[in-house]
Amino acid sequence: MDYELRTMDYGRDIMKKSRKNIKILHLYYDLMNLYGDWANAAAMARELSCRACDVVIHKKSVGDDLNFSEYDFICVGSGTEHSLIAAMRDLAKHKKSLIRQIEEGTAVLATGNSHELFGSRVIDRNGNRHEMLGLIDFETVQEGARITGDCICEASFLNGRDKPGKNGEQGKQNKPDEPVIGFINRAKGVQNGDIKRPFYVRPGKGANFKAHSEGIIYKNLLGTYLTGPILVRNPLLLEYFASLLTKEYDGDKHKSDDVFFKYQKKAYEAAKAALGGK
Amino acid sequence: MKVFFAVLLCKILYFTGKLVGKGSSLPGKIVLKIFPDILAGLKLPEIIIAVTGSNGKTTTTELITYILKAGGMKAAYNHEGSNQTEGIATLLLRVASFCGRVKPDAIVMECDERYLKKIFEKVRPSALLVTNLCRDQLTRNGHHEFVKDCISEAIEAAGHDMRLILNADDPYVASLAADSQTYAKDVLWFGIEGEHKNPESRDKIIDNDKPEAQGKPDFGMYDDGAFCTVCKERMEYTYRTAGHFGDFGCTLCNLKRKNPDIEAQIKNDGTLLFSEGAKLRMPLPSITAAYNLCAAAAASKTANIAISDAVKILDGYELKSGRTAVFSLGSRKGLLLISKHENSFAYNAWLKWISRKDKPCTVIILVDSISRKYYTCETSWLWDIDFNLLACQNVVNVVLAGQYVYDLATRFAMTDIAPEKMGYVTDLKDLREYVQKNTMGDIYTLTCFADKAKLKKVFRQTF
Ligand SMILES: [Zn+2]
């Protein structure tokens, strides 16, 4: 089952030649979408439509034909522990082509437990081993209970990065003290493997009990235990991903005209303050 | 002697607690601290019905108790809603005699899904009713498959002589019987008939106009019925009544809807017709109410009350644990709709109900504190709710309010609701005036228990 949805159609001017066509893949939309993760695809579409892009979102799931090279951005969301294994069962068929795309620099966001797919294996609460894609060398060992909680993360990969300015001008640099906020909701357990981590979790729990680091980052793939609509909650992270696709900002529709971006910023500031972030 | 003191202590604490308006879990908590195994020393009645599930626990517990009482039994339930071990201890001790005999003929106890096993270690029920398993309070529950596993463990631990009363339409609940060989036989199934037998209910209450009902999820909608919870292959439905409830069948394993022992049909006139021929008027014509009533009738059957008698008793019954309250703002009518936050199922049900009203109306969505039990910034549940249902003609204004107004605003920015219909109120003090000056029509206010008192103040009413 797959559907093509033309979303966020506003501001589209077909007379304008410079518009860029962008395809977003929302992978396992009906299997791995436990905590509102779909909103990441929607937020990307919204941001890109302010950057002179025509955006379509493809929703694909188990059993569908998948041609990863078609897509500019791929997102996959959180699922139950059983659902993750089912997703892997299907993804095994597409292992080579997905890894090739990641190596070539396709932007990928994996929220919640879905980033475990890119590790070597998952060992479930009953001790069963499930082989994963093996792109990054780590294994996830699950226990019975769960870990949930609000998080504030330092994300050094976002710091110092150029923000795109309006009409292609050079933008300001991000302030290094703008953290990523979110919520972790996952099976209790540990991740073994000495790998590069994108997030340092200040209040909140990391991938392991002692270390505060969390997530995976490899080329333009970002994975994190933060669940759900993290691109909605973090304006900076949304801009980071959008900038991987285009740096232009000369759409017919400007971000400042859009209530989404206005309230996105305010929601971020309010949550950050409530969580005790700077 | 131990029992005497425990009962005395609990009663004193319970009644003093009541005077000062304290919760009902504290007496049980204190008594259990002093006498940890006191419940084992109680003489319990034969009929103990435990009620658990994501939605409808409180209502169904109340309904069952009402049926049993009207049927001539003495029955008690944890009406304050304290549904963990301590709350159950309070319930049992406060209705016990000083020699430790629990006096009522029947105990109906609402139980928290995740504490079920702990409760069963202290009190073994004669029957367990599972209403449904939906996305609910995921910040503390993780997800409903995890909750299902918790219930499954509790059932295994409770042993053979406990009767199961299960929702036949919910694949997650149905799989509880599939998990257990011992229980596969002795299950009392209840369910709501689909429109294939009942075309007249099609547009009104049962949810077949949604694209998801035709197997096509809409953008942004989740579908917890897409895959089998047992083997994770695709599931198929011949019809759905709501969400993932319906006539399901796995395309691989043998999980499928069982023919219900107690089945009811929703009629267009707001009545519920049971397969035995008995009929009752629903307090609120909603699919949720139908399931609760059907579940309550099924549960009373395990206490030897015939379905036809239970239906007669339930006819036109007004709930004590009311989920609605009427208010007014000048000449305008208002209705407060209580819906648990972090529960998209309950929200969607109300939104659907509002969207089917004929008269122009204003909808206020208030999210000020997500839960009264814990603080969180987690708002992802807002993305599970189909707020696009309010993009309809009769809804002329939508006002977002409360501490989480900006999170609500980003969510609503992704709907088709016209921007000029939208209003945002950050300070609750301004809400009343804003609604008066900028909106029109009847007022529907959606919020949760935690924020109910704040609205009372806003609209200067007694709910
Ligand atoms: Zn199956």
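Numbered from 1 within each chain, the chains take letters A, B, ... in sequence-line order.
Once rounded to the nearest 0.5 Å, the distance linking OG1 of A:Thr80 with CZ of B:Phe146 reads 12.0 Å. The CZ atom of A:Phe183 sits 4.5 Å away from the OG1 atom of B:Thr376 when rounded to the nearest 0.5 Å. In this structure, the separation between OH on B:Tyr222 and CG on A:Asn33 is 10.0 Å, given to the nearest 0.5 Å. The CG atom of A:Leu226 sits 11.5 Å away from atom OG of B:Ser380, with the distance rounded to the nearest 0.5 Å. Distance check, rounded to the nearest 0.5 Å: CZ of B:Arg411 to CD of A:Gln264 gives 14.5 Å. One finds the NZ atom of A:Lys266 at 12.5 Å from the OG1 atom of B:Thr410 (value rounded to the nearest 0.5 Å).
Nearest heavy atoms, B:Phe227 versus A:Ser61: CZ-OG, 3.8 Å. The minimum heavy-atom distance between B:Arg135 and A:Leu34, with the atom names listed, is NH1-O, 3.0 Å. In plain terms, the two heavy atoms of A:Gly36 and B:Asp384 that are nearest each other are N-OD1, 3.8 Å.
With a threshold of 4.5 angstrom between heavy atoms, B:Phe412 does not approach chain A through any atom at all. If you measure heavy-atom distances from B:Ser344 to chain A, you find no contacts under 4.5 Å at all. Heavy atoms of B:Cys231 lying under 4.5 Å from chain A belong exclusively to its backbone.
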- Task: Kindly indicate, with the supporting measurements, whether the criterion side chain to side chain contact (heavy atoms under 4.5 Å, CB included) is fulfilled by A:Ser83 and B:His143.
- Result: CA-CA 12 Å; A:Ser83 294; B:His143 54 72; over 6 Å; no

- Can B:Thr139 and A:Asn185 be said to form a side chain to side chain contact (heavy atoms under 4.5 Å, CB included), step by step? CA-CA 7 Å; B:Thr139 45; A:Asn185 194 340; 5.7 Å; no

- Query: What do the steps show when you test B:Lys148 against A:Glu81 for salt bridge (Lys or Arg N to Asp or Glu O under 4.0 Å), and what is the final call?
  - Reply: CA-CA 13 Å; B:Lys148 190 202 90 176; A:Glu81 289 66 48; over 6 Å; no

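Under the 3.5 Å distance criterion, the side-chain polar atoms of A:Arg46 are matched with a main-chain donor or acceptor of B:Ala413. With hydrogens and angles disregarded, a donor-acceptor distance shorter than 3.5 Å links the side chain of A:Asp150 to the backbone of B:Cys377.
When side chains are defined from C-beta on, A:Val232 counts as touching B:Trp383, because their heavy atoms get closer than 4.5 Å. Residues B:Arg234 and A:Asp30 are in side-chain contact: their nearest non-hydrogen atoms beyond the backbone lie under 4.5 Å apart.
Within a 6.0 Å radius of NZ in B:Lys118, other residues, nucleotides and ligands contribute 12 heavy atoms or fewer. Atom CG of A:Asn128 sits in a crowded spot, with more than 12 heavy atoms from other residues, nucleotides or ligands closer than 6.0 Å. With a 6.0 Å radius and a threshold of 12 heavy atoms from other residues, nucleotides or ligands, B:Lys256 has its NZ atom at or below the threshold.
Remark: A:Ser114 pairs with no residue by the side-chain hydrogen bond (donor to acceptor under 3.5 Å, both in side chains) rule, at least two apart or across chains. The salt bridge (Lys or Arg N to Asp or Glu O under 4.0 Å) test applied to A:Arg121 returns A:Glu131, A:Glu139, not counting sequence neighbours.
In terms of heavy-atom pairs under 4.5 angstrom with chain A, the leader among B:Glu378, B:Met422, B:His144, B:Glu233 is B:Glu378.
Under 4.0 Å is where a charged nitrogen must lie from a carboxylate oxygen, and between A:Asp90 and B:Lys232 no such pair does.
Under the 30°/60° scheme for interplanar angles, the aromatic rings of A:Tyr263 and B:Tyr424 are found to be tilted.
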